[in-house]
Amino acid sequence: MCGGSYFGNTQWMAALSKPPELKAIAPLITWSDPDDGLWTRGGAIELGITVPWSLMQGADTLMRRHRTDLDGLVSGITGLVQDLDGLASGGYAELPAGHFPAFARHDLPELGYEGSRREPDGAASCRVAGRHDEVDLPTFQLGGWYDIFRQGALDNFTAMRRAGRSATLVMGPWTHTN
């Protein structure tokens with residue numbers, strides 16, 4: 001398997017479930033612990049990744065919701081794009097006391113961080129940290145020195161090596177999106 005970010009994490013989860021057909025994984029720019037860059041960082045909600053990601057994924061929700069209503073689709077997508085475009089200039093100022101306001105405006109699900117605060121055990125569904133010794137196949141990992149999950153890539157690699165597992169890491173001058 002090969003893929004980055006969310007798809008990098010799905011590889012770790014697959015490796016932990018040990019399907020006999022899986023022979024190696026190549027997780028790119030992904031996290032080790034969702035509370036270190038995905039949902040939070042240092043205890044603070046990581047709005048910079050969770051909000052735009054949830055809003056971008058919300059486009060699919062709106063397309064399915066308004067599949068037979070072109071006017072509703074245009075209006076919904078237009079509002080969603082306005083909220084995405086307005087994050088830096090004011091959207092982040094709508095600090096969430098509960099449900100992030102842009103998610104409520106568009107009736108969109110959030111993709112994890114709100115639930116992770118209500119149910120901390122839910123983070124186990126995508127946490128690799130502390131479980132590397134259970135991964136018994138080779139990994140080729142790629143991380144970026146300027147990526148939001150830089151520490152996760154380093155943590156995954158060092159934990160695999162500490163567990164005596166076959167692991168290769170390539171770090172380069174990349175951000176999360178290039």
Side-chain angles (χ1 to χ4, degrees), residues 1-16 25 27-66 73 75-132 141-157 159 171 174-178:
M1 297 176 75
C2 179
S5 196
Y6 173 83
F7 299 111
N9 182 259
T10 60
Q11 293 171 68
W12 285 111
M13 297 301 104
L16 288 165
I25 61 173
L28 319 172
I29 57 171
T30 195
W31 62 90
S32 183
D33 186 330
D35 285 320
D36 184 20
L38 178 62
W39 294 327
T40 63
R41 187 177 310 272
I45 295 173
E46 183 58 83
L47 295 175
I49 183 68
T50 59
V51 170
W53 184 42
S54 291
L55 289 175
M56 286 185 283
Q57 297 308 306
D60 180 64
T61 300
L62 293 177
M63 287 190 288
R64 286 184 281 118
R65 183 181 300 151
H66 299 292
L73 177 61
S75 174
I77 294 293
T78 299
L80 185 70
V81 169
Q82 287 172 343
D83 271 330
L84 269 166
D85 286 347
L87 283 174
S89 63
Y92 290 124
E94 297 181 286
L95 293 179
H99 194 52
F100 193 77
F103 303 160
R105 274 193 293 282
H106 302 287
D107 189 24
L108 298 175
E110 58 87 22
L111 299 177
Y113 85 89
E114 290 177 0
S116 74
R117 300 308 89 189
R118 289 187 305 274
E119 301 171 23
D121 291 342
S125 68
C126 66
R127 181 175 286 120
V128 185
R131 301 189 65 195
H132 294 89
Q141 300 167 59
L142 183 117
W145 288 118
Y146 304 101
D147 180 43
I148 57 175
F149 300 129
R150 173 191 64 239
Q151 191 60 51
L154 297 169
D155 291 348
N156 285 330
F157 172 72
M171 292 293 289
W174 307 294
T175 66
H176 197 69
T177 56
N178 68 1

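- One finds the CD1 atom of I49 at 5.5 Å from the CZ atom of F149 (value rounded to the nearest 0.5 Å).
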Worked check of side-chain contact (heavy atoms from CB on, under 4.5 Å) between C126 and W31 = CA-CA 9 Å; C126 66; W31 62 90; 3.9 Å; yes
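- Taking CH2 of W174 as the reference point, atom OH of Y146 lies at 11.5 Å (rounded to 0.5 Å).
- Contact record, R105 with D83: NH2-OD1, 2.9 Å, taken as the closest heavy-atom pair.
- T30 and N9 are not linked by any side-chain donor-acceptor pair at a separation below 3.5 angstrom, with hydrogens and angles left out of the test.
- R150 places no side-chain N or O within 3.5 Å of a backbone atom of G144 that could act as its donor or acceptor partner.
- Rounded to the nearest 0.5 angstrom, L142 CG and C2 SG are separated by 9.0 Å.
- Of all non-hydrogen atoms in G4 and I29, the two that sit nearest each other are CA-CG1, 4.2 Å.
- Here OG1 of T175 is found 7.0 Å from CG of D147. Values are rounded to the nearest 0.5 Å.
- Scanning both residues, A102 and L55, for their nearest heavy atoms gives CB-CD2, 4.0 Å.
- Taking both residues in full, the closest heavy atoms of G76 and L62 are given as O-CD1, 3.5 Å, listed atom of the first, atom of the second, then distance.
- Distance check, rounded to the nearest 0.5 Å: CG of L87 to CZ of F100 gives 6.0 Å.
- The main-chain N or O of I148 is found under 3.5 Å from a side-chain atom of R41 such that the two form a donor-acceptor pair.
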message = Run V51 and E110 through side-chain contact (heavy atoms from CB on, under 4.5 Å) and show every step you take.
response = CA-CA 8 Å; V51 170; E110 58 87 22; over 6 Å; no
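- D33 pairs by the side-chain hydrogen bond (donor to acceptor under 3.5 Å, both in side chains) definition with R127, not counting sequence neighbours.
- H106 and R65 get closest at one heavy-atom pair: O-NH1, 2.9 Å.
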request  = Could you walk me through whether E114 and T50 pass side-chain contact (heavy atoms from CB on, under 4.5 Å), step by step?
outcome  = CA-CA 9 Å; E114 290 177 0; T50 59; over 6 Å; no
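- Counting all heavy atoms, side chain and backbone alike, P109 lies closest to S54 at O-CB, 4.4 Å.
- Atoms CG and CZ, from D60 and R64 in turn, are 4.5 Å apart once rounded to the nearest 0.5 Å.
- Checked options Q151, H132, Q141; the residue passing with N156 is H132 (criterion: side chain to side chain donor-acceptor pair (under 3.5 Å)).
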request  = Assess whether side-chain contact (heavy atoms from CB on, under 4.5 Å) is satisfied between M171 and L154, documenting all intermediate values.
outcome  = CA-CA 9 Å; M171 292 293 289; L154 297 169; 4.1 Å; yes
